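Whatever order the structure lists ligands and atoms in, that order sets their numbers, starting from 1. Since we're looking at a predicted model, the values are computed, not measured.
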Amino acid sequence: MEILGIDVGGSGIKGALVNAETGEMLTERHRIPTPSSRKPADMAQVVKQIVDHFNYEGPVGCGFPTIVKNGVCQSAGNLHPSWVDVNIDELFTEVTGREFTVLNDADAAGYASMNYGIGKGKQGLVIMITIGTGLGSGAFYNGILLPNFELGQIPYKKYSKIEQWAAASAKERENLTYEKWGKRFNKFLKYVELIISPDLIIVGGGTSKKWKEFNHLITIETDVVKAELMNNAGIIGPAVACLREKHHGHLTKKG
Ligand code: BGC
């Protein structure tokens, strides 16, 4: 079944049609910059533009960059604080006229990797880390999603959350080389390893495209691999999650 997958991010909102049974992307991705206000009404309009671009009438799967419980935004992440308590499913359905299934973006990306990518068949605790405006994390135990892991929220030095120091946005803001930023990312991974002892870490999100520039700086014991679906996992994952929710009436993602 063809499903529109949308990846809502702090800097861009991207969508593509996905074959949700095979995890294949069927079209080029369409990207529109996230409105600088990062407020609900403005962002919902961009989501509508993506739906309209594909002339799409079916159900939509959507990865969203905050904690999402039963379709409701529970934290602002890097978006406007007015997102907290907004029912994202309902808002996007109202604005687009399409049915939405919304889940956390990193959980969605992990969902794609665990079903169709490098995480397929991997047992134990597998963590998907997405590097973008924030540091997202999706946790899977024996292939089952443990929703809303928020490893980027660990406080670090003067920062209330380590993602403010080690995400791609910090690299950009401080104009850091990959060498400098990669050391920060490695420090973050060290905390992840210390706190939850994962069996495998999969690195995705926009910056994973530059894997060769920083993977030599990763020194932790745990195996760390690049998500070969890279940034497309953020689009494929929610489409697949949407189909499973429709057909099986459950999405482990939702609290
Ligand atoms: C949010 C997470 C999100 C991550 C990546 C963080 O700021 O707290 O929920 O997954 O950014 O977008």
Subject >> In one Ile/Leu/Val/Met/Phe/Trp/Tyr side-chain cluster, 4.5 Å: Val72, Met43 >> reply: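 No, no single cluster joins them.
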
Original post:
Checking Lys171 side chain against Leu176 main chain: does a donor-acceptor pair fall under 3.5 Å?
Top reply: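 Yes: the side chain of Lys171 pairs with the backbone of Leu176.
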
**OP:** May I ask you to decide if Leu135's main-chain N or O and Glu163's side chain share a donor-acceptor pair within less than 3.5 Å?
**Re:**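 At least one qualifying donor-acceptor pair exists.
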
Original post:
Hey, which residues fall under 4.0 Å of ligand 1 on heavy atoms?
Top reply: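 Ligand 1 is contacted, at a heavy-atom distance under 4.0 Å, by Pro65, Thr66, Ile67, Gly77, Asn78, Asn104, Asp105, Gly134, Leu135, Gly136, Glu150, Gln153, Glu163.
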
**OP:** Decide yes or no on salt bridge (Lys or Arg N to Asp or Glu O under 4.0 Å) for Arg184 and Glu174, but give the supporting numbers first.
**Re:** CA-CA 12 Å; Arg184 292 189 181 189; Glu174 294 180 44; 2.9 Å; yes

Original post:
Does any donor atom in the side chain of Asn186 or Thr219 lie under 3.5 Å from an acceptor atom in the other side chain?
Top reply: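 Result is yes, a qualifying pair exists.
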
**OP:** Start with the C-alpha distance between Phe188 and Trp165, add both sets of side-chain angles, then the distance that settles ring pair (Phe, Tyr, Trp, His ring centres under 6.0 Å), and finish with yes or no.
**Re:** CA-CA 9 Å; Phe188 165 65; Trp165 178 73; 9.4 Å; no

